[in-house]
Protein chains: 2
Amino acid sequence: MVNEQEFLAGYDPRAYPAVAVTVDVVALTIRDNELQVLLIQRAAPPFAGFWALPGGFVRPEEDLAAAARREFAEETGLGGEPLRRVHFEQLASYGTPDRDPRMRIFSIAYLAFAPDLPEPTAGSDAGAAEWLALTALPTRELAFDHRRIIEDGLERARSKLEYTPLATRFVGDEFTIADLRAVYETVWGHPLHAGNFHRKVLSVPGLVEGTGATTEHGGPRGGPRARLYRAGDARLLHPALLRPAREENVR
Amino acid sequence: MVNEQEFLAGYDPRAYPAVAVTVDVVALTIRDNELQVLLIQRAAPPFAGFWALPGGFVRPEEDLAAAARREFAEETGLGGEPLRRVHFEQLASYGTPDRDPRMRIFSIAYLAFAPDLPEPTAGSDAGAAEWLALTALPTRELAFDHRRIIEDGLERARSKLEYTPLATRFVGDEFTIADLRAVYETVWGHPLHAGNFHRKVLSVPGLVEGTGATTEHGGPRGGPRARLYRAGDARLLHPALLRPAREENVR
DNA sequence: CTAAGAATAACTCAGGCTGAGAATAACCCC
DNA sequence: GGGGTTATTCTCAGCCTGAGTTATTCTTAG
């Protein structure tokens, strides 16, 4: 133990192999009624040709969250007000020694949520970029530990829908209850009871507030015009909008 | 934008000022019916004399979680089976450029929970070490952004008690329902209805399982012998054991 | 123009869970 | 033995949920 302490006292990171810190962004959106994640195709080794999360080195003097927004903006071409509306939150950090073959790289992952975004600007520094439906993810070759990071991000997103008004970030400024329900169904991956969902959404204080207006037309396949709502001022949903229990996840 | 891309293409972190990655551990335990956090007193600048979370540089070839366990073990003197029983989980990462005056240091914080631990081994490399009651924290001078990290850890702990059997990590192998209730009351900071808590704990599948035994004696101030329980096999509590709503936190 | 189909929104109802209070019984200390 | 304390169990009203139904409005096919 004394050796241990002597070692520590003299421990200077500058005397050791350099390390680097990157941010990776799990950007989720809903397009074509599917949950999709933003991926870029790597042009250079390692993992050339593989798909990866947008991300890159944190610059000197740059905050972590700022780095995440920058990387996201570079791939999507988003800026200004539309970018400010995108929700960002820190997800987790990944630092297994061999996760990148080049050197020791720690990655701090961020989660981003946005409503239906345009096709990414393919001409960025990373070659191809695209939104990929999560259903198509299993057959895609992913670089590094990015599959794991996406899975962690997904679980976070599903969980956050329960306790926060995050779902309102996936829809436009004004939306119908059915729009919101579609978000929950898409992210959670199974259908919800329309009547109960409606009752619940209206009963949670601060989740939505009515605009007084309705849609211009009924749904594409019929039905009355739906009332329009805006996101409310709640930061936490109480009581929460819980996913039906999945027995297999409990034990 | 082209300049941006050219910059990125040539971006090599090795050409930039070195960065370092540390882990910091928010270790929580319950002693004397109070929630306490492990702090060490810094011997050297910066922040010499200030109190800080135990932590240090992640070594080459060392995993993040392993680094957190190592730093925790060094300060507490714990090892072997007792150390394995301590619950660790990643909390969040902190990387504001000026959070450490020496250089750019990213810190990945871990949360540790353990039942009533002994006084830390004061003779470690960091000078004094002690468990500090959270109630005494506001008057203590803390180094770096460690106050913020502790706050984040606390909120995580409070929240995790709701959805996971984490509370069983704060008590011994065998415990009474009252022991468990004391954990919840201590961490959440307010009293709970004994009867309802009892009913709830026994009704959540997999939270606890009876041992058939009871305590040797009644409580110090009277009352019957209490039944003893062990932690069950649940990984998630369903339905959850929710904190009473705090209106002020919702909006 | 009309009928069929679809969706919104509101209502009903049984069952489960919660908070609050109370009852019962076992046990400590004096 | 008596008073105070605590574990455990009950009771009961109120709220919330899942499931199903109904009235109404609207689109589309024919």
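These figures come from a predicted structure and were not determined experimentally. Numbered from 1 within each chain, the chains take letters A, B, ... in sequence-line order.
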Original post:
If each of B/Gly195 and A/Pro220 is mapped to the nucleotide of DNA chain D with the nearest heavy atom, which maps nearer the 5' terminus, i.e. the 5' end?
Top reply: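 Nearest-nucleotide comparison on DNA chain D picks B/Gly195.
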Residues 219-231 of chain A side chain polar contacts: donor-acceptor under 3.5 Å, at least two apart:
| from | atom 1 | to | atom 2 | distance (Å) |
| --- | --- | --- | --- | --- |
| A/Arg225 | NE | A/Glu216 | O | 3.2 |

**OP:** Sequence neighbours left out, what passes ring pair (Phe, Tyr, Trp, His ring centres under 6.0 Å) with A/Tyr184? Give chain and number order.
**Re:**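 Checked A/Tyr184 against ring pair (Phe, Tyr, Trp, His ring centres under 6.0 Å); matches are A/Trp188, A/Phe197.
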Original post:
How would you label the contact of A/His193 with the nucleic acid (heavy atoms, under 4.0 Å): base, sugar-phosphate, or nothing?
Top reply: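 Base contact.
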**OP:** Within residues 170-182 of chain A, find the residues that approach DNA chain C with a heavy atom at under 4.0 Å, and present them sorted by residue number.
**Re:**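 Under 4.0 Å from DNA chain C: A/Ala178, A/Arg181.
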Subject >> Members of residues 222-231 of chain A that approach DNA chain C, where some heavy atom sits under 4.0 Å away >> reply: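 Going residue by residue through residues 222-231 of chain A, the ones with a heavy atom under 4.0 Å of DNA chain C turn out to be A/Gly222, A/Gly223, A/Pro224, A/Ala226, A/Arg227.
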**OP:** Work out which heavy atom in A/Ile40 is nearest to a heavy atom in A/Ala129; give both atom names and the distance.
**Re:**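 In terms of heavy atoms, the two residues are closest at CG2-CB, 3.9 Å.
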Original post:
If you look only at pairs with a residue in residues 150-173 of chain A, which of them pass as a ring pair (Phe, Tyr, Trp, His ring centres under 6.0 Å), with sequence neighbours excluded?
Top reply: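 Only A/Phe113-A/Phe170, A/Tyr163-B/Tyr163 qualify under ring pair (Phe, Tyr, Trp, His ring centres under 6.0 Å).
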Subject >> DNA chain D contacts made by residues 207-216 of chain A, counting heavy atoms under 4.0 Å >> reply: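 The answer is none.
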Original post:
5' to 3' on DNA chain C, which nucleotides open and close the contacts with chain A (atom under 4.0 Å from a heavy atom)?
Top reply: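 The contacted stretch runs from C/dG5 to C/dT12.
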**OP:** Find out whether A/Phe88 and A/Phe72 are in side-chain contact, i.e. whether some heavy atom of one side chain is under 4.5 Å from a heavy atom of the other.
**Re:**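 The answer is yes; the side chains approach within 4.5 Å.
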Original post:
Do A/Val26 and A/Val37 have side-chain heavy atoms sitting under 4.5 Å apart?
Top reply: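 Yes, their side chains come closer than 4.5 Å.
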**OP:** Hey, which sits more toward the 5' end of DNA chain C by its nearest nucleotide, A/Leu202 or B/Ala240?
**Re:**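 In this pair, the answer is A/Leu202.
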Original post:
side-chain hydrogen bond (donor to acceptor under 3.5 Å, both in side chains): which pairs involve residues 198-215 of chain B, sequence neighbours left out?
Top reply: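 Sorted result for residues 198-215 of chain B: B/Asn196-B/Arg199.
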Taking atom [atom1] of [X] and atom [atom2] of [Y], what is their separation to the nearest 0.5 Å?
X        : Y        : atom1 : atom2 : answer
A/Leu134 : A/Leu28  : CG    : CG    : 6.5 Å
A/Leu154 : A/Leu137 : CG    : CG    : 8.0 Å
A/Ser107 : A/Asp145 : OG    : CG    : 7.0 Å
B/Leu38  : B/Trp131 : CG    : CH2   : 4.5 Å
A/Arg84  : A/Leu78  : CZ    : CG    : 11.0 Å
B/Arg70  : B/Asp63  : CZ    : CG    : 12.0 Å

Original post:
Sequence neighbours excluded, which residues qualify as side-chain contact (heavy atoms from CB on, under 4.5 Å) partners of A/Thr135?
Top reply: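 If we apply the side-chain contact (heavy atoms from CB on, under 4.5 Å) test to A/Thr135, skipping adjacent residues, the hits are A/Glu34, A/Ala133.
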**OP:** Could you tell me which residues satisfy side-chain contact (heavy atoms from CB on, under 4.5 Å) with A/Glu130, sequence neighbours excluded, listed by chain and number?
**Re:**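 Partners of A/Glu130 under the side-chain contact (heavy atoms from CB on, under 4.5 Å) test: A/Trp51, A/Glu119, A/Leu132, A/Arg140.
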Original post:
Between the two end axes of the helix from C/dC1-D/dG30 to C/dC30-D/dG1, each built from 5 base pairs, what angle do you get to the nearest 10°?
Top reply: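 End-to-end axis angle for the helix from C/dC1-D/dG30 to C/dC30-D/dG1: 20°, rounded to 10°.
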**OP:** Provide the start and end nucleotides, 5' to 3', of the part of DNA chain D that has atoms under 4.0 Å from heavy atoms of chain A.
**Re:**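 Reading along DNA chain D, I get D/dT17 to D/dT28.
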**OP:** For this output row, return yes or no: ring centroids of A/Tyr94 and A/Phe144 closer than 6.0 angstrom.
**Re:**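 Not close enough - the centres of the two rings lie 6.0 Å or further apart.
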Subject >> Candidates A/His87, A/Lys160, A/Arg156, A/Gln90 - the one meeting side chain to side chain contact (heavy atoms under 4.5 Å, CB included) with A/Leu111 >> reply: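 When side chain to side chain contact (heavy atoms under 4.5 Å, CB included) is applied between A/Leu111 and each of A/His87, A/Lys160, A/Arg156, A/Gln90, only A/Arg156 qualifies.
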**OP:** In plain terms, say whether B/Arg85 and B/Glu81 are close enough for a salt bridge, that is, a side-chain N and a carboxylate O under 4.0 Å apart.
**Re:**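 A salt bridge links B/Arg85 with B/Glu81.
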